[in-house]
Amino acid sequence: MARLVARRALFAVPVLLLVTFGVFAIAAASPFDPVKAYAGTAGLTASQENLDQLRANLGVDRPLTARWWDWLTSALTGDFGDSSTLRQPVADAIGERIGWSVLLAATAFVVAILLGTALGVLAARRPGGWLDRAVTSLAYTLEAAPPFWLGLLAVWFFALKLGVLPSGGLTDTASSTVTAGQVASHLVLPAGVLAISQLPWFVLYVRQGVGDALGDDPVRGARARGLAERTVLLGHALRSGMLPVLTLIGSRVPELITGALLVETVFSWPGIAAATVQAATSVDFPLLAALTALATVAVLLGNLVADLLYGLADPRVGFDG
Amino acid sequence: MRARSIRGAGATATAAAIAVAASACSAPGDGGSDAKDSAVVGIAYEPETLSPLLGYGKDGNSKIFDGLLTHDADMKLKPALAAELPEVADDGTTYTYKLRKGVKFSDGKPFSAKDVVFTYETILDKKTNNASKTELDAVKSVEAKGDDTVVFHLKYPYAPFAERTVLPIAPEHVAGKQDVNTGTFTTKPVGTGPYKLVKWSKGEKLTFKANPDYWGGAPKVKNFTMAIIKDDDIRATRLDAGELDGAILPPNLAKKYKKDSGKNTYAAKTFDYRVVTLPTGNKVTGDTDIRRALDTGVDRKAMVDSILYGEGKEAYGPVPTDSPWFTKGTEREFDAAKAKKILDDAGWKPGKDGIREKDGVQAKFPLWYLSGDKLRQDHALAYASDAKKLGIKVEVQSGTWEVIEPRMPKDAVLAGGGSPADPDFDQYTLLKSSLAGDGFNNMAHYDNPKVDKALEDARKSGDHAKRQAAYDTIQRELVKNPGYTFLTHIDHLYVVDKKFGDLSTQVEPHDHGLASGPWWNVEDWQPKK
């Protein structure tokens, strides 16, 4: 297992190099002008001389390979450069926000997995039954619903019609401090929406996996031996039916990240979403590269975790395979 | 066994990560605040920085900082950190400010002339990434005379200079010790203003606490929060949900609060105009007769009524019709028949498809607007539809500034702007021929010697009557030869809870700054008990 982890870590190096270089190349080729983005509305009245000076100060006219190399070498020493759009060091900008994004995404992910598994198992028990049909059609409907729209709907219903949950922010709008209780109540809607948007895949995969497993010989054998339905379902069918879901966990990470971006926007959640969008449209190279590297690491880790779990759940799968 | 221990380790690691994430971001302290002395407002824009050295609050009225001068409700200058209005000498090239005594920054350190010099010199420094430093072009040097006098030496006489000294003063003892472009001062500012920044949770909100030692007296509203909510609908929703006491809203959403007994609606008058540039470099838009025909042949009233729901007014130049600088008699009445006659007389004859032609040139040109800006799109389409009735084909297209900018010398653009402090600020950069194509200045490449001279006269003279005469000349010239078709001035709409009493608004610029809206003077609010 250690060998698998080591091999993946080694593999991550060229991937990260390639991805960050790609970001610099794409950003350099994009039609957006970092100087205009930096200047904002002030740029609309600035003189050409002023804009030229800014261009020189920001160093955005240097060749892309040089900029990438500088970024990379200083990143290796722990200095991720300064974000031009946020006017602060990249490490500070990300440090302030990443925790909230991780909290949001992790909560949503855990809820989606638990709820998805429960609903999937229930649906698989009686294929074609009313519960199965209800769960499946709900899953297909949710699959098509964009998180942004779900978010607006949730705000309208829970915050406006029922008035039971806050509609946005990390804490009460008037409050200047962050308390666990407030964060918890403010987390319900965004995490709920994000979880719901991830739910269909887990439901459908679990339903399919468990359904297939119920028809397999070992399960039929177990049933024939007179084992309790509960044991058969949870002990045998779920265990082998979960295998495809474990792979799914890894592959859902990118979608989770993009989903979180939209959800954070709707709920004014102070995560990295706004910074990411801003970094992209403002061609903020250092911030964009750091965020992309971070997202890449998240995806690679997601895949690694999925593979490790798969190996643990199914002894037939070797870690070196 | 191996499997179980690893699973356990994974769960512990996950739990630890979440706990660390949560605890790393939480701050200790007390909970919410009393509703009577706190106000929460929803705004649409977030500043990139809170450092005045990088341009924050340059038009005055920042809650955290003070400038040497500030504006009252009528946009008249009054002293702030200066004890009185400046003395102007040497033909308008020397401005001397006596400073208010006993003022302290919110960290307790005294404010003095060296902070003023530091602020201006840092902004003017080439290494400082301040995109608005062009506004201080007139400054040759800043000099401190003792602790309480500051003298500005200008390169040329510049009448509106005092308007530029509303920009906030930064403390040298804090900001001078770090990287001006990325230091912590950009997010954790310290100033002399009525409020202190408690926390800036980027993308979410800015929270302020009243500065009890404020030289102008401690504000009654002790806690002030600006929630950053970019989406208009979500802002309205959170206002309905009672999470906000006030918000800026577009006309269609503000409408429904007019009948709400618990809330007041405020329409702030502005200098915020929407205009079509008619570049000289294009054979059609450069033709004076075409320009004049469009100027009389577009229905501005209809635009105000249908696009702005009546919340705005017709515009005939950068100066709004209700400003004292406006030249009466330069209003252009909508008259399609007159516009057609101008074109007929000039030899623009209807050709195929009803588009006019002259000397083999078809009367058509592209009009660009910033993609995603609904208001500009509506204006552009209304303009094109009015022009079509005259026999001029305007091809409306959208793009980002990157796409639009290289085309500006030849293609028309639906632009916006407006700066109420002084007529020089808008008009010089819009109309001066030497600034044609300089960044976004003089986008239409307008070139009129009479206007050029009047612009120079107006900025050099400190005499109000002479300045008025010069701006009258400019506005009359714009009737004879319009380089732009000005369409509307747009009101900014705000909804605020009645518990704060009757509030006022200032005349606002194009920019929706943090300090715009009824909360421009939140430090003076007297909430009902």
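Letters go in sequence order (proteins before strands), and every chain restarts at 1. This structure is a prediction, so every number in the text was calculated from the model and none was measured.
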Working to the nearest 0.5 Å, report the span between CG of Asn130(B) and CD of Gln53(A).
11.5 Å
Checking heavy atoms, do the side chain of Glu405(B), its backbone, both or neither come under 4.5 Å from chain A?
side chain
Partner chain A: residue of Thr186(B), Thr237(B), Thr134(B), Thr128(B) with the largest heavy-atom pair count (under 4.5 Å):
Thr134(B)
Pick from Leu58(A), Asp82(A), Asp92(A) with the largest number of heavy-atom pairs that fall under 4.5 Å of chain B
Asp82(A)
Is Thr49(B) reaching over with its side chain to a backbone N or O of Arg87(A), donor-acceptor style, under 3.5 angstrom?
no
Counting C-beta onward and ignoring hydrogens, is there a side-chain heavy-atom pair between Glu96(A) and Trp200(B) closer than 4.5 Å?
no
Counting N and O atoms only, with roles assigned by atom type, does the side chain of Glu48(B) sit under 3.5 Å from a partner on the main chain of Thr85(A), one being a donor and the other an acceptor?
no
Correct closest heavy-atom pair for Ser47(A) and Asn441(B) would be CA-ND2, 4.2 Å
Between Ser268(A) and Glu204(B), the two heavy atoms sitting closest are O-CG, 3.5 Å
Would a distance-only check, ignoring hydrogens and angles, find a side-chain to backbone donor-acceptor pair under 3.5 Å from Gln88(A) to Thr187(B)?
no
Distance, nearest 0.5 Å, that separates CG of Leu54(B) from OH of Tyr38(A)
5.0 Å
Taking all non-hydrogen atoms of both residues into account, name the closest pair between Ala131(B) and Leu54(A) and its distance.
CB-CD1, 3.9 Å
Least distance between heavy atoms, Val266(A) atom then Ile234(B) atom:
O-CD1, 3.5 Å
Counting distance only, does the side-chain N/O of Lys202(B) pair as donor-acceptor with the main-chain N or O of Leu86(A) below 3.5 Å?
yes
Give a yes or no on whether the backbone of Glu402(B) and the side-chain of Asp33(A) come within a donor-acceptor separation of less than 3.5 Å.
no
Quick one: closest heavy-atom pair of Arg238(B) and Gly169(A), and the distance?
NH1-N, 4.0 Å
Quick one: what part of Ser132(B) sits under 4.5 Å from any heavy atom of chain A, side chain, backbone, both or neither?
both
I'd like to know which of Thr225(B), Asp438(B), Val40(B), Thr207(B) tops the heavy-atom pair count under 4.5 Å against chain A.
Asp438(B)
Atom CD of Glu49(A): over 12 foreign heavy atoms under 6.0 Å
no
Take Lys205(B) and Thr171(A) through the test side-chain hydrogen bond (donor to acceptor under 3.5 Å, both in side chains) and record every step on the way to the result.
CA-CA 10 Å; Lys205(B) 64 188 172 189; Thr171(A) 52; 2.7 Å; yes
